[in-house]
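Heavy atoms only: backbone and side chains are in, while hydrogens, waters and symmetry mates are out. Just follow the structure's listing: the first ligand is 1, and inside any ligand the first atom is 1. All values derive from a computational prediction rather than experimental measurement.
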Amino acid sequence: MAAAGDFYSLLNGAAQEFGFPLSGALDLDLSLETFHEHSQRYASWIDSGFHGEMGYLERGKDRRLNPRLVFPEAQSMLCVAQPYGTRLSDVSEGRLQPRYARYLSGKDYHLDIQERLEKVMNRVQENWSTPLSWKVCVDTSAVLERSWAALAGLGWIGKNTLLIHPKHGSYLFLGEVLISEKTGRGPTPLPNFCGNCSRCLSACPTEAFVEPGRLNSKRCISYWTLEKRGELDSLLGEEDRRKMGTWVAGCDICQEVCPFNMKPSREHPLNSSPGLVIDWAALLSEPESDYRLRTKNSALDRVKPAQFRRNLAIALANAVRESEPEARQELIQSLRSQVESAAEVDADLVARTEWRRCLETFRAFS
Ligand code: B12
Ligand code: SF4
Ligand code: SF4
């Protein structure tokens, strides 16, 4: 059995044992003062309406500002980060093919991290004399994950709003455990290494950053493609549709340009089951039931079939616009009849409207 003062080491040791290269823990009572600035930023972000239609972020505001409303017994928090694969070819071979955010490649990370964090805590309990209670949170819980990860020393929050580790970069999944035992540790933040760099801010095609570290979701391709269901007309004009490029799910641009992500691409077992189809013709002819089956155990499951077809129609129109003349004609000839048919028969009104727009683009360039 470990001695009381070792609780912090026990947590980190178990996190390493179950494969998390980055971990840290801290007590809530020792962190509240530092967390206050994060709370204020969050409240002001919601007040500005930058969450768009993600109503859960507003409804869960009080819980996000006070982890004890999420788990009343909480005395401390263990924060972990899991780097995911960054090999581009898993995701998309070129700019004129359908593009997916890297984190979507492979198995759904929520489940994997959740399972491993439970194992971490079972191991900790085996070595701790007092009964512990805990709650594992990954992404969907009302926890300000980046703020707590930064306070736990896992990285700093970049101008692109993402948590960045000096060695591992920002292609990271975050997870936390709220725990009934104290660690005796307060915040141990790392310095912010962004310095004078502002590559992410200028690379964002839709000018989604209202200032460094503050994102208006309603301007973000990731929000448009992953979160916003139904019509996009209330958010996007013709020009904005073009700025979406060929992203069909998520967007990685503000990470691709970050100097801390320039290391050689890495593979990770989580990304080992490529379920992301990048062939236009295959995607256009895919029945809804096949899409559901293919995305069932992946994070792409969040994007519903009609939402995906809507995104696909916009992306294909952009691929046609941006292609070199020869490749463009090939694309038009090979896909025209499929697009014509989708513009007539797609069961979803929003997707059908986007297919009609796509067809207009085909005609304009024929
Ligand atoms: C809602 C959400 C989104 C929204 C809004 C994003 C945003 N920037 O807020 C949308 C749909 C746009 C989105 C997109 C993406 N997301 Co998202 N998203 C979330 C979610 C569910 C909540 C985030 C939130 O609360 N936002 C509200 C704002 C105000 O919070 P915030 O930006 O974190 O800011 C806080 C702190 O960062 C801090 N802060 C920021 N700057 C500064 C500066 C100072 C000086 C201080 C003191 C504090 C501070 O203050 C704020 C208040 O606490 C989290 C999971 C979670 N439960 O936290 C995942 C999460 C943030 N997303 C994640 C990912 C991977 C993405 C994408 C990369 C996916 C993609 N490739 O398409 C993009 C990246 C876009 C971007 N540049 O942010 C990861 C981020 C991992 C990382 N390395 O940081 C998370 C943590 C999920 C996870 N568990 O792994 N996401
Ligand atoms: S994810 Fe894409 S659209 Fe969103 S802020 Fe980053 S670069 Fe801009
Ligand atoms: S691109 Fe530059 S400014 Fe943006 S997060 Fe990375 S280091 Fe910071």
Side-chain angles (χ1 to χ4, degrees), residues 22 34-46 48 50-54 56-58 60-61 63-65 79-84 91 99-104 109-110 113 137-151 154-166 168-176 189 192-228 240 243-245 247 249-262 299 302:
L22 297 175
T34 325
F35 183 62
H36 185 65
E37 191 182 346
H38 294 258
S39 306
Q40 283 184 324
R41 289 179 69 98
Y42 185 76
S44 129
W45 189 77
I46 293 284
S48 305
F50 291 147
H51 57 297
E53 290 179 15
M54 296 180 286
Y56 69 94
L57 290 173
E58 192 173 4
K61 182 171 140 189
R63 274 175 288 142
R64 274 162 215 276
L65 304 189
C79 297
V80 296
Q82 174 65 63
Y84 53 86
V91 177
R99 301 185 84 195
Y100 299 82
R102 287 163 178 75
Y103 87 95
L104 291 167
Y109 66 93
H110 294 90
I113 294 179
C137 306
V138 186
D139 198 9
T140 46
S141 293
V143 172
L144 284 178
E145 297 193 311
R146 290 183 273 204
S147 294
W148 286 105
L151 295 183
L154 269 54
W156 76 96
I157 294 167
K159 291 178 190 171
N160 61 7
T161 81
L162 294 165
L163 184 91
I164 308 173
H165 182 270
H168 295 279
S170 70
Y171 291 120
L172 303 168
F173 295 129
L174 306 182
E176 308 75 35
N192 184 319
F193 289 111
C194 281
N196 292 329
C197 175
S198 57
R199 287 193 203 179
C200 52
L201 307 180
S202 34
C204 173
T206 52
E207 292 162 1
F209 297 106
V210 286
E211 62 187 64
R214 201 162 145 95
L215 176 93
N216 179 358
S217 305
K218 290 183 288 187
R219 295 291 312 150
C220 176
I221 295 169
S222 181
Y223 173 74
W224 294 342
T225 53
L226 298 173
E227 299 291 329
K228 177 76 179 78
D240 290 328
K243 288 176 182 167
M244 264 174 73
W247 292 103
C251 168
D252 278 338
I253 296 174
C254 56
Q255 300 193 86
E256 285 174 347
V257 298
C258 180
F260 292 92
N261 288 330
M262 296 300 169
R302 184 163 188 83

Taking the minimum heavy-atom distance to atom 38 (C) of ligand 1, which of His36, Arg219, His38, Arg102 ranks first?
His38
If you measure every N/O of Tyr223 against every N/O of ligand 1, is any gap under 3.5 Å?
no
Report the C-alpha distance between Glu53 and Glu227 in whole Å, list the side-chain angles of each, state the deciding distance to 0.1 Å, and finish with yes or no for side chain to side chain contact (heavy atoms under 4.5 Å, CB included).
CA-CA 8 Å; Glu53 290 179 15; Glu227 299 291 329; over 6 Å; no
Taking N, O or S atoms only and a limit of 2.8 Å, check whether Cys251 reaches atom 2 (Fe) of ligand 2.
yes
Might you point out which heavy atoms bring Gly169 and Asn261 nearest each other, and give the distance in Å?
CA-OD1, 3.3 Å
Does some side-chain heavy atom of Phe50 sit less than 4.5 Å from a side-chain heavy atom of Leu215?
no
At the 4.0 Å heavy-atom cut-off, does Phe209 count as touching ligand 2?
yes
Applying side chain to side chain contact (heavy atoms under 4.5 Å, CB included) to Tyr109 and Tyr84, what does each step give before you reach the verdict?
CA-CA 9 Å; Tyr109 66 93; Tyr84 53 86; over 6 Å; no
Considering all heavy atoms, the nearest Ile164-Cys258 contact:
CD1-SG, 4.2 Å
Please state whether the separation between atom 6 (Fe) of ligand 2 and some N/O/S atom of Cys200 is under 2.8 Å?
no
Can a non-hydrogen atom of Gln255 be found less than 4.0 Å from any atom of ligand 1?
yes
Need the ligand 2 atom indices (1-based, order shown) with element for anything under 4.0 Å from a heavy-atom of Leu215.
5 (S)
Does atom 19 (C) of ligand 1 have a protein heavy-atom neighbour under 4.0 Å away?
no
Could you walk me through whether Glu207 and Arg219 pass the salt bridge (charged side-chain N to carboxylate O under 4.0 Å, His left out) check?
CA-CA 7 Å; Glu207 292 162 1; Arg219 295 291 312 150; 5.9 Å; no
Which atoms of ligand 2 sit under 4.0 Å from any heavy atom of Cys204?
3 (S), 5 (S), 7 (S), 8 (Fe)
So between Glu256, Glu37, Lys61, whose heavy atom ends up nearest atom 47 (C) of ligand 1?
Glu37
Need the ligand 3 atom indices (1-based, order shown) with element for anything under 4.0 Å from a heavy-atom of Phe260.
7 (S)
Side chains of His165 and Leu154, heavy atoms from C-beta outward: is any pair under 4.5 Å?
no
Assess, by modelled atom type and distance only, whether the side chains of Ser147 and Arg41 contain a donor and an acceptor separated by less than 3.5 Å.
no
Sub-4.0 Å protein heavy atom next to atom 59 (C) of ligand 1:
yes
Does ligand 1 have an atom that lies less than 4.0 angstrom from a heavy atom of Ser141?
yes
Short check: is a protein heavy atom less than 4.0 Å from atom 34 (O) of ligand 1?
no
Can you tell me which portion of Phe193 lies within the under-4.0 Å heavy-atom range of ligand 3? Options are side chain, backbone, both, or neither.
neither
Going by the angle between their ring planes, with limits at 30° and 60°, are Phe260 and Phe193 parallel, tilted or perpendicular?
tilted
Please state which protein non-hydrogen atom is closest to atom 79 (C) of ligand 1 and give its distance, to 0.1 Å?
Leu172 O, 4.6 Å
At less than 4.0 angstrom from any non-hydrogen atom of Ile253, what atoms of ligand 2 do you find?
7 (S)
Note the single closest protein heavy atom to atom 5 (S) of ligand 3, along with its residue, its atom name and the distance in Å.
Ile164 CD1, 3.5 Å
Any idea which of Leu163, Ile221, Leu57 brings a heavy atom closest to atom 84 (O) of ligand 1?
Leu163
Which protein heavy atom lies closest to atom 2 (Fe) of ligand 3, and at what distance to 0.1 Å?
Cys197 SG, 2.3 Å
Within-cutoff protein neighbour (heavy atom, under 4.0 Å) for atom 62 (N) of ligand 1
no
For Met54 and Ser217, work out which heavy atoms get closest and say how close.
CE-OG, 3.5 Å
Atom 8 (Fe) of ligand 3: closest protein heavy atom, distance to 0.1 Å, is Cys194 SG, 2.3 Å
For ligand 1, does Tyr42 get within less than 4.0 Å through its side chain, its backbone, both, or neither, judged by non-hydrogen atoms?
both
At under 4.0 Å between heavy atoms, what of Asn160 touches ligand 2? The answer is neither
Going by the closest heavy atom to atom 74 (C) of ligand 1, which one wins out of Thr161, Ile157, Leu162, Leu215?
Leu162
Identify the protein heavy atom lying closest to atom 3 (S) of ligand 2, giving its residue, its atom name and the separation to 0.1 Å.
Ile221 N, 3.2 Å
Can you check atom 2 (C) of ligand 1: any protein non-hydrogen atom closer than 4.0 Å?
no
With atoms numbered from 1 as shown, which atoms in ligand 1 lie under 4.0 angstrom from a non-hydrogen atom of Val143?
56 (C), 57 (N), 58 (O)
For atom 77 (N) of ligand 1, state which one of Leu174, Asp139, Asn160, Ile164 supplies the nearest heavy atom.
Asn160
Heavy-atom proximity to atom 65 (C) of ligand 1 ranks first, among Tyr84, Phe173, Tyr171, for Tyr84
Ligand 1-proximal atoms of Phe50, by part, heavy-atom distance under 4.0 Å:
neither
Protein contact of atom 44 (C) of ligand 1 - nearest heavy atom, named by residue and atom, plus distance
Arg41 NH1, 3.7 Å
Can you tell me which residue and heavy atom of the protein come closest to atom 6 (Fe) of ligand 3, and the distance to 0.1 Å?
Cys258 SG, 2.5 Å
Would you mind running through ligand 1 and noting each atom that sits below 4.0 Å from a heavy atom of Gly250?
72 (O)
Nearest protein heavy atom under 4.0 Å from atom 40 (C) of ligand 1, yes or no
yes
Nearest protein heavy atom to atom 16 (N) of ligand 1: under 4.0 Å?
no
Looking only at non-hydrogen atoms, the one of Ala203, Cys220, Ala101 nearest atom 4 (Fe) of ligand 2 is Cys220
Suppose I only count heavy atoms of Thr206 and a 4.0 Å limit; which atoms of ligand 2 are within that range?
3 (S)
At under 4.0 Å between heavy atoms, is it the side chain or the backbone of Cys254 that contacts ligand 1, or both, or neither?
side chain
Considering Lys218, Met54, Gln40, Glu145, which one's heavy-atom position lies nearest to atom 86 (C) of ligand 1?
Glu145
Among all protein heavy atoms, pick out the one at the shortest distance from atom 11 (C) of ligand 1; state its residue, atom name and that distance to 0.1 Å.
Glu227 CG, 3.6 Å
When you measure from the heavy atoms of Tyr56 to every atom of ligand 1, does any distance fall below 4.0 Å?
yes
In this structure, does ligand 1 have an atom that sits under 4.0 Å from one of the heavy atoms of Val138?
no
Please report whether ligand 1 has a polar contact with Cys251, defined as an N or O pair separated by less than 3.5 Å (distance criterion only).
yes
Any side-chain donor near an acceptor of the partner, Thr206 and Asp240, under 3.5 Å
no
Check: Arg214 and Ser44 side chains under 4.5 Å, non-hydrogen atoms:
yes
My understanding is that we take every heavy atom of each candidate and find the minimum distance to atom 30 (O) of ligand 1. Doing that for Lys159, Arg146, Glu211, Arg64, which one comes out nearest?
Arg146
among protein heavy atoms, the one nearest atom 7 (S) of ligand 2 is Cys254 N, 3.4 Å
